[in-house]
Amino acid sequence: MGNVLAFCEFNGAQLRSSALSNLAFARLAAQARGGTVVALLVGAGATAAGPEAANYAPKVVVVDDPALAHYLAETYAPIVAQVARAEGATLISATATSAGKDLAPRVAALLDAGMASDVAKLEGKDTFMRPILAGNAYSTVQVTTPIIVVTPRQSEFEAAAELPAPGTLTTAAAGTINALGAEFVRLDAQKSDRPELSDAKVVVSGGRGMKTGENFKVLEQLADLLGAAMGASRAATDAGMVPADWQVGQTGKIVAPNLYFAVAISGAIQHLAGMKGSKTIVAINKNKDEPIFQVADYGIVAEWEKAIPELVAEIKKLKATR
Amino acid sequence: MKILVPVKRVPDPTQKAKIKDGHIDLTGASWIVNTFDEYAIETALRLLENGAENARIPGGELVVVSLGPTDAAKEIRTCLAMGADRAIHVVCNDHEIDSLVVVKVLQAIIAAEKPDLVVMGKQAVDGDANQVGQMLAAKLGWPQATFAASIELSADKASLTVGREVDGGVEYKKVPVPAVVTVDLRIVAPRAVKNGVTPESHNYAGEGARLPSLRGIMAAKKKPMTTGQLADYGAAPAPVIQELSVTLPPPRAAGQIVADIPTLVKKLADEAKVL
């Protein structure tokens, strides 16, 4: 039925955790479709990540070219399409990260492929379940084109395990690189020692009720104690209290940590769509009627100003006893 | 500058999702212009006007395009009332189209209209697919700037520098026109769009896209709206994505309100085993 090409993001010699989720999805797809997984690494310096990728995929194709120093959909999409054709891939997957979401539809159009976005579950060789209406419903779709493009959700697919023996490493030429005039100007990175929001085991999020960005420092104490990532509701990011990429929700990050703290967050549908897959949800809000309490496993009706310092102290106490 | 904004009408997301015969039941649903598409119209208007004087820059044009049933004319009029100059309504049923069909129609319209820029919402809030902008750019052979949180038009109007919200920060990407730009939430921030005419000090007020004024609503009634069929644009009602069924997620079991923080920590440690 053809192979499965998994576009993998990397950082230096390491695959990103999003790539491991993608490889897990790609394995399921290859099983259902009867092909093999081919991992694809594209970018200047991609060669460095080749050996790690080979631990997870029976075949790795590396396209390493100095002209690919920065990710651009314009230059990457034709390369992915070209490798897909060369490798006989009939399903191409890229995790639904910001780059994956930017790239995958462009690849799909180049291959006249139907695409299933933000896939939560593989239901069959060409059938996928995906959330719609901000996660308020799940749609099962069948993609009927000969080639299919899929962006699996990182939060729904656990990282792939290493293969018993590493796969083969090959290289491919980038071919003509044409950015169509597009240029990468710069990245204003949000520097953080905390784990990435999308794959953190614990997330501490604050909402409108935090009132100011300064107040988030109190939440950061809790996050640091638990090795958690920081998140926020749209109300808080829109108000400029915290960086935009902290936003959890339908249009922000989708997270599914083991433990999610929603502090001073009312629980709008938009926000719930981004976090209701969390294993345990704790809501802290002074208003007991907020909708967040309907999805929370544990609720504390209190002002955060009082509750958070107490929570930090109590967790410290617990840790001291272990 | 001529800007084309594709828009979609969507069921009002505040309505509760209902299922009938295995699909979303939209009988009696109320409809709105997709929020991100409203933001795209707002973005286009900010590019085309002097915001401080609330006046359009001569020579600019804003054309909206929508694919949808006859009823969708109502939401298209809303776009005209916001300030779009004219509209193209491609009449079809929602089940006859998917991203690739929409792209095919838009491609034909763009070939005829030759806009300098396509600005659209990053996704429709019903299907949440986030595909059409990127697919359209690929088919046109144009550059793309997705998830735009800010746009700065160059003085010669030949390029745009777009701030894109990506994982880990904001990426700035420069694209020449013509290009496809898809907009994210924060594109409607007070100073997110700079066109070189509106003074840099000007702050757009309010949250979100502008509401149609009464004058705008009156004017919209007289603005031209062309209607056509899929076949007029070389497209067929042949979607490649088939929706087999829709289900509602099981509701989360009701949680408990705990009395105090020590109890919470104890429960998180012993009951949920997450600490």
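Lettering follows sequence order; numbering is per chain, from 1.
Residue with the most contacts toward chain B among Val301(A), Val295(A), Asn258(A), Thr127(A): Val295(A) (heavy-atom pairs, distance under 4.5 Å). For the options Lys253(A), Glu196(A), Arg234(A), heavy-atom pairs under 4.5 Å to chain B are most numerous at Arg234(A). The residue among Thr151(A), Asp126(A), Ile284(A), Leu259(A) with the most heavy atom pairs within less than 4.5 Å of chain B is Leu259(A). Heavy-atom pairs under 4.5 Å with chain B peak, among His70(A), Gln270(A), Lys288(A), Gln247(A), at Gln247(A). Contact tally against chain A (heavy-atom pairs below 4.5 Å) for Glu165(B), Arg186(B), Lys122(B), His23(B): the top residue is Arg186(B). Counting heavy-atom pairs closer than 4.5 Å to chain A, the top-ranked of the candidates Val103(B), Val175(B), Leu100(B) is Leu100(B). Most heavy-atom pairs under 4.5 Å with chain B, from the set Asp112(A), Val282(A), Leu226(A), Leu133(A): that is Leu133(A). Annotation: maximal heavy-atom pairing with chain A below 4.5 Å, among Gly127(B), Ala124(B), Ala17(B), occurs at Gly127(B). Listed options Met129(A), Gln250(A), Gln294(A) were ranked by heavy-atom pairs under 4.5 angstrom with chain B; first place goes to Gln250(A).
The part of Asp260(B) that comes within reach of chain A is its backbone (N, CA, C, O), which places non-hydrogen atoms under 4.5 angstrom from that chain. Asp297(A) touches chain B through backbone and side chain together, each having a heavy atom under 4.5 Å away. Contacts between Thr247(B) and chain A at a heavy-atom distance below 4.5 Å involve backbone atoms as well as side-chain atoms. For chain A, the nearby parts of Leu244(B) are the backbone and the side chain; heavy atoms of each come within less than 4.5 Å. The contact between Ala116(A) and chain B is made entirely by backbone atoms, counting heavy-atom distances below 4.5 Å. Interface residue Ala296(A): only backbone heavy atoms are found under 4.5 Å from chain B. For Ile24(B), the part lying near chain A is the side chain, with the backbone staying farther off; criterion is any non-hydrogen pair under 4.5 Å.
With Thr251(A) as the fixed residue, the side chain to side chain contact (heavy atoms under 4.5 Å, CB included) test singles out one of Asp128(B), Asn130(B), Leu185(B): Leu185(B).
For the residue pair Thr144(A) / Gln242(B), no side-chain donor-acceptor distance below 3.5 Å is found, with atom types taken as modelled.
Considering only heavy atoms from C-beta on, Ile261(B) stays 4.5 Å or farther from Lys306(A) through its side chain. Contact check for Met115(A) versus Gln134(B): no side-chain heavy atoms found under the 4.5 Å cut-off.
Rounded to the nearest 0.5 Å, atoms CD1 (Ile269(A)) and OG1 (Thr14(B)) are 7.5 Å apart. Remark: Arg164(B) CZ to Ser98(A) OG distance equals 7.0 Å, nearest 0.5 Å. Interatomic distance, Glu243(B) CD to Gln142(A) CD, rounded to the nearest 0.5 Å: 12.0 Å. Atom NZ of residue Lys173(B) and atom CZ of residue Phe184(A) lie 11.0 Å apart, to the nearest 0.5 angstrom. Distance check: Ile132(A) CD1 to Asp126(B) CG gives 7.5 Å after rounding to the nearest 0.5 Å.
Minimum heavy-atom separation, Ala137(A) to Leu248(B): CB-CD2, 4.0 Å. Between Met135(B) and Ala113(A), the shortest heavy-atom distance links the atoms CE-O, 4.3 Å.
With hydrogens and angles ignored, the 3.5 Å screen pairs no side-chain donor or acceptor of Ser245(B) with any backbone N or O of Thr140(A). Formation of a donor-acceptor pair under 3.5 Å by the Asp188(A) side chain with backbone atoms of Val170(B) is not found in this model.
Crowding of Arg208(A) atom CZ: a count of heavy atoms from other residues, nucleotides or ligands under 6.0 Å not exceeding 12.
Using a 4.5 Å heavy-atom cut-off against chain A, the contacting residues of residues 25-43 of chain B are Phe36(B), Tyr39(B). Contact residues of residues 136-159 of chain B toward chain A are Ala137(B), Ala138(B), Lys139(B), Gly141(B), Trp142(B), Pro143(B), Gln144(B), Thr146(B), Phe147(B) (heavy-atom distance under 4.5 Å). Proximity to chain A among residues 262-275 of chain B is limited to Pro262(B), Leu264(B), Val265(B), Lys267(B), Leu268(B), Ala269(B), Glu271(B), Ala272(B), Val274(B), Leu275(B), judged by heavy-atom separations below 4.5 angstrom. Within residues 312-321 of chain A, the residues having any heavy atom less than 4.5 Å from a heavy atom of chain B are, in residue-number order, Glu314(A), Ile315(A), Leu318(A).
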For side chain to side chain contact (heavy atoms under 4.5 Å, CB included), just list the numbers for Ile300(A) and Val258(B), CA-CA rounded to whole Å, side-chain angles, deciding distance to a tenth of an Å, and then say yes or no.
-> CA-CA 6 Å; Ile300(A) 290 273; Val258(B) 291; 3.4 Å; yes
